[in-house]
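Just so it is clear, the values below take in all heavy atoms, side chains as well, and ignore hydrogens, waters and symmetry mates. Quick note on labels: first sequence line is chain A, next is B, and so on, each numbered from 1.
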Number of protein chains: 4
Amino acid sequence: MEPTTAPASPDRRRELLDTAAEVFAAQGYNATTVRQIADAAGMLAGSLYYHFDSKESMVDEILAAFLDELWAGYDAVLEAGLGPRETIEALVTESFREIDRHRAAVAIYQKEARYLATQPRFGYLTESRRKFERAWLGTLERGVAEGVFRADLDLRLAYRFLRDTVWVAASWYRPEGRHSPEEIARQYLAMVLDGIALPS
Amino acid sequence: MEPTTAPASPDRRRELLDTAAEVFAAQGYNATTVRQIADAAGMLAGSLYYHFDSKESMVDEILAAFLDELWAGYDAVLEAGLGPRETIEALVTESFREIDRHRAAVAIYQKEARYLATQPRFGYLTESRRKFERAWLGTLERGVAEGVFRADLDLRLAYRFLRDTVWVAASWYRPEGRHSPEEIARQYLAMVLDGIALPS
Amino acid sequence: MEPTTAPASPDRRRELLDTAAEVFAAQGYNATTVRQIADAAGMLAGSLYYHFDSKESMVDEILAAFLDELWAGYDAVLEAGLGPRETIEALVTESFREIDRHRAAVAIYQKEARYLATQPRFGYLTESRRKFERAWLGTLERGVAEGVFRADLDLRLAYRFLRDTVWVAASWYRPEGRHSPEEIARQYLAMVLDGIALPS
Amino acid sequence: MEPTTAPASPDRRRELLDTAAEVFAAQGYNATTVRQIADAAGMLAGSLYYHFDSKESMVDEILAAFLDELWAGYDAVLEAGLGPRETIEALVTESFREIDRHRAAVAIYQKEARYLATQPRFGYLTESRRKFERAWLGTLERGVAEGVFRADLDLRLAYRFLRDTVWVAASWYRPEGRHSPEEIARQYLAMVLDGIALPS
DNA sequence: CATGAATGAGCTTTCATTCAT
DNA sequence: GATGAATGAAAGCTCATTCAT
C-alpha cells in the first residue's frame, strides 16, 4: 500500500517537466502562463520556483533533454557504417521513435526553436540544427554520389523536404494512435523514397 | 475639397497589415507586442487603434485575406476538371505561388492557426482546414481509384505528408531566393510523386 | 485661469522623481513599493513605467542628478584657489545648501549608496566617493602642511568625521526648520574647527 | 539522559543571531532574505523557524540585546557623578567600545531604527532615543551652565552633531583596524572638544 | 534539530487598450 | 490621423512562513 506522499526530488522534477511540456506543446510557450502549468501540476504558481529558476529554464531543460536523447540515437545510426539509403531509413525511424517518446518536447522544438534560438542561453539549438543539417545533407550527397538517389534534385531543397516531413508529424501524432512509430516511418519512407505515384 | 496629400485609407490599412504580418511571422503572434508593430510602422502604439480594433483583429484580417485568395486559386483548380495527378500538381504549384505572395501570412497560419482556432472568432480557420482536407484527400482517393496513385498507403498519412510538406516551406522560403515558386513546386512534385530514390 | 491639464513631459518626469525621492527617503529604497510611489503621485503603478524603465532607474536618475549638481558646486569651490580653512568652510556650506535643496536625494544617498554601489549600473557612486575623499582629505593635508590644522590627528579619521558630520544632517534636516543652511553650516564649522569646549 | 553532543540552545541562538546581524548590517534589513541568513548559517531557510518566530523577531532580539548592554554602560557613567566634560568623554568612549563589540548591531540600529520604530513592537527604540537625548542634551546644558562648553551654540544642533559623529563610525569601523576603540574615542574627543583648527 | 516541499501574499513589470488633445 | 499619458488586468517571480517527515 503506497503512501500518498511526495516523490523524491529528481522524479518530481521530471514529473513537473512532463506536465509543463504538455502544456507548452498544447498552447505555445509564450501563450502558456506559469499558473497554467502549476494548475496542471496541482500546485500554486509560486511553488514551481522551488524546483525551477524560471519558466525559461523549464523549456530549456525540456529541450536539452530531448536533444540529448535524440543525438544519442542519431549518433549510433551515423556511426553504424550503413549505406545512404539505409542511413536515411534508420534516421527516419529513429526520429519517429523520438516523436513517440517525447511528442511534447518535439512539438515545442518545432514551434519555438527559431524564437528561442535568438537568446544566447539557447545557443545549443542553433548548434544542433547545424549538426542535423550536416548529417542529413551529407547522407543525401553520399547517396547521389553512389547512384542511390536521384541526381536531378536541389539537395538543399530535398534536405528541407525530408526534415520538415518527418518532424511536423509531432504536431498531429498521438501515441495511442492507429500506427506504431515504426509503421509510420515505413509509410513515410515509402512515400519519400519511391513517391506516391505509381510508376507509369 | 479633399486634400490630395492624404493617402487613401484602404491602402494605409494594407500597408500596416503587411508590416504587422512581417512582425508576427518573425516573432510569433503572442510574442509580438503592439508596440513592436507600431515601431515597425513608424508610429506610436496607440495610433494603430485608429485603424484597427485590436491586435486580434489584425491577425484576423491578415489570415482571412490570405485564405480568401488561397481558395480563389484552389477553387479554380478544383473546378477545372483535371485528372488526379494533374490536380495535385496544380494545387502544389498554386500553394507555392501563395507562399511567394503571402509568405508572412502563410507562416503565421502555420504557427498560430491551431491556437487561434480555439476562439470562436476564428472559426473559419477550422472550416478552411476541413475544406482543405476534403480537397486533397478526395483527390488522393480518386487517384487511387483510378490507378494513378499507389494503393498501399494510409491515405490520411499521405494527406498529412503532402499538406505539411508544402506549407512548412513558408518557414524558410525567401522571395529573393534562387528558385521561383514554380521551380520549387516542380522539385517538390518530383520528390512527392516519384520519390528521391532511383528506381533500382 | 490655468487649465488643470497634464504638464509637459520633462517637467512631469521631474515631478514624479521628486515624489519618488520623498518616498524613498522616508521608507528606504527596498521597503518602498512602486505602488506607494504611484499612490503618492496619484496614478496607478503600471503608469509609472510609461515614464521610467524600472524602479532602479528612478533612484538612478535621482542620485545622478544630485551628484551632478553637487559636483558643480564642489568643483567651483575647489578651483577658487582658497586656503585650506576657507576651502573647508566653503565645502561645508555648499554641502548644507545641497541638503537644503535635495534633502530627499541626500538621504537616499546616505542610506542606500553602499548597497546600490555593488551593482555595475551604480559604479559612479563609488567613483564619486573616491573623488570626494581626494577633495576633502587633500584639503586637510594641505591645512596641516600650512600649519592651519592640528598635526596630531589621524587625517583619515578626521576626514570621516567631517564627511559624516555633514551628510548625516540630511536625515533630520527639515527645510522649513529654524535655521537656514548657511546658519547650520556656520554652527557646524564652529564646532568642527574650534570644538565645543571653551579654551580653559 | 541528555546526550552531551547537543549544543546548549541559548548558545546556538546567539550564534545564529550574530550571523544574522552580520548579514543585516551588510545588506540592510529589508534587502536581506531569510534564505541568505540561513545560507550564512549553513542551514535551510525553514530551519531558522525552529529557533525564531520570524525575521522580525531576529532584528528585535539583536537590537534589544545591543540596547540593553549599551544602557548598562551609559547608566554606569551617568550615575558616576562626573563633571560635564568628563561625562561626555566617558559616554563617547563607552560608545566606541560598544561599536567595537557590537558593530553589526550598531550598524543595523543606525540604518533601520527609524523605519522599524514605526511598528509598535519596536516602541523601545523610540523610548531609547528619548532617553539618549535627555542624557546627552542634559550633559551639554550642564556644561554650558558650568562654563565648560561654549555658550554660543544651538545645543540641539550640537547634540545631533555629537550623536551622529559617534554612531556613524559603526558604518566604517572594522574591529581589526589600526586603532583601538579607546584611541578612536580619544581622537574624536580631541576634534569634538577642541576642534581641528590650530588656535590662531 | 533540520529538511524538503509547499503556500499565499505581494512585488515589479508588461502590455493591450483608451482617450483627450 | 497621430500623440502622450494613463488604465487595468495579468504575468513572472520573490519571499517569509508553515509543516509533515
Side-chain angles (χ1 to χ4, degrees), chain A residues 3 5-9 12-13 16 30-38 41-58, chain B residues 3 5-7 9 12 16 30-38 41-58, chain C residues 3 5-9 12-13 16 30-38 41-58, chain D residues 3 5-7 9 12 16 30-38 41-58:
Chain A
T5 56
S9 181
R12 189 79 177 108
R13 276 178 81 84
L16 293 172
N30 276 295
T32 297
T33 73
V34 168
R35 218 154 2 245
Q36 287 171 321
I37 300 172
M43 52 173 26
L44 291 176
S47 307
L48 281 174
Y49 288 82
Y50 178 78
H51 301 276
F52 306 100
D53 281 351
S54 62
K55 184 181 161 185
E56 213 180 70
S57 79
M58 290 187 225
Chain B
T5 50
S9 186
R12 188 81 178 108
L16 292 172
N30 276 294
T32 297
T33 72
V34 168
R35 210 171 139 194
Q36 288 173 321
I37 300 172
M43 52 171 40
L44 290 179
S47 309
L48 281 173
Y49 286 80
Y50 176 82
H51 302 276
F52 305 99
D53 281 352
S54 63
K55 183 181 162 184
E56 215 179 69
S57 79
M58 290 188 227
Chain C
T5 56
S9 181
R12 188 78 178 109
R13 275 179 82 83
L16 292 172
N30 276 293
T32 297
T33 73
V34 169
R35 244 202 284 286
Q36 287 172 322
I37 299 173
M43 53 174 26
L44 291 176
S47 307
L48 281 173
Y49 288 79
Y50 178 78
H51 301 276
F52 306 100
D53 281 350
S54 63
K55 183 180 161 186
E56 213 179 71
S57 81
M58 291 189 223
Chain D
T5 50
S9 185
R12 188 80 178 106
L16 291 172
N30 275 295
T32 297
T33 73
V34 168
R35 209 170 142 194
Q36 288 172 321
I37 300 173
M43 51 172 40
L44 291 179
S47 309
L48 280 173
Y49 287 79
Y50 176 82
H51 301 277
F52 305 100
D53 281 353
S54 63
K55 182 180 163 186
E56 214 178 72
S57 79
M58 291 188 226

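Heavy-atom distances to DNA chain E give each of B:Lys55 and A:Leu44 a nearest nucleotide, and the one nearer the 5′ end belongs to A:Leu44. Map D:Leu16 and B:Glu56 each onto its nearest nucleotide of DNA chain E; the residue landing nearer the 5' end is D:Leu16. Toward the 5' end of DNA chain F, the nearer of the two residues A:Gly46 and C:Gly46, judged by each one's closest nucleotide, is C:Gly46.
D:His51 places its NE2 atom 6 Å from the P atom of E:dC1, with the value rounded to the nearest Å. Taking atom CZ on A:Arg12 and atom C1' on E:dG4, their separation rounds to 12 Å, with Å as the unit. The distance from atom CG of C:Asp53 to atom C1' of E:dT14 is 12 Å, rounded to the nearest whole Å. Rounded to an integer number of Å, the gap from D:Asn30 CG to E:dG10 P is 15 Å. The CG-P distance, from C:Leu48 to F:dG4, rounds to 19 Å in whole Å. Between the OH atom of A:Tyr50 and the P atom of E:dG8 there is a distance of 18 Å, given to the nearest Å. D:Phe52 places its CZ atom 11 Å from the P atom of E:dA2, with the value rounded to the nearest Å.
Checking F:dT7 for Watson-Crick or G-U wobble geometry (two distances, each under 3.5 Å) identifies E:dA16 as its partner. The pairing partner recorded for E:dT21 is F:dA2, the criterion being a Watson-Crick or G-U wobble arrangement whose two distances lie under 3.5 angstrom.
To the nearest whole angstrom, the two P atoms, one in F:dT21 and one in E:dC1, are 22 Å apart.
Between the CD1 atom of B:Ile37 and the NZ atom of B:Lys55 there is a distance of 7.0 Å, given to the nearest 0.5 Å. Separation of atoms CE (D:Met43) and OH (D:Tyr50) is listed at 10.5 Å; rounding is to 0.5 Å.
When all heavy atoms of D:Ala41 and D:Leu16 are compared, the pair lying nearest together is CB-CD2, 3.6 Å. Between C:Ala31 and D:Asn30, the closest heavy-atom pair is CB-ND2, 3.4 Å. Heavy atoms only, all atoms of each residue included: A:Arg13 and A:His51 are closest at NH1-O, 2.7 Å.
Backbone-only engagement by A:Thr32 is indicated by non-hydrogen atom pairs under 4.0 Å involving sugar-phosphate atoms exclusively.
Contact annotation: C:Arg35 does not reach the phosphate of E:dA9 (side-chain N/O to OP1 or OP2, under 4.0 Å). When the side-chain nitrogen and oxygen atoms of C:Tyr49 are compared with OP1 and OP2 of E:dT14, none of them lie within a distance under 4.0 Å. For the OP1/OP2 pair of E:dC1 and a distance below 4.0 Å, the side-chain nitrogens and oxygens of D:Ser47 include no atom meeting the criterion.
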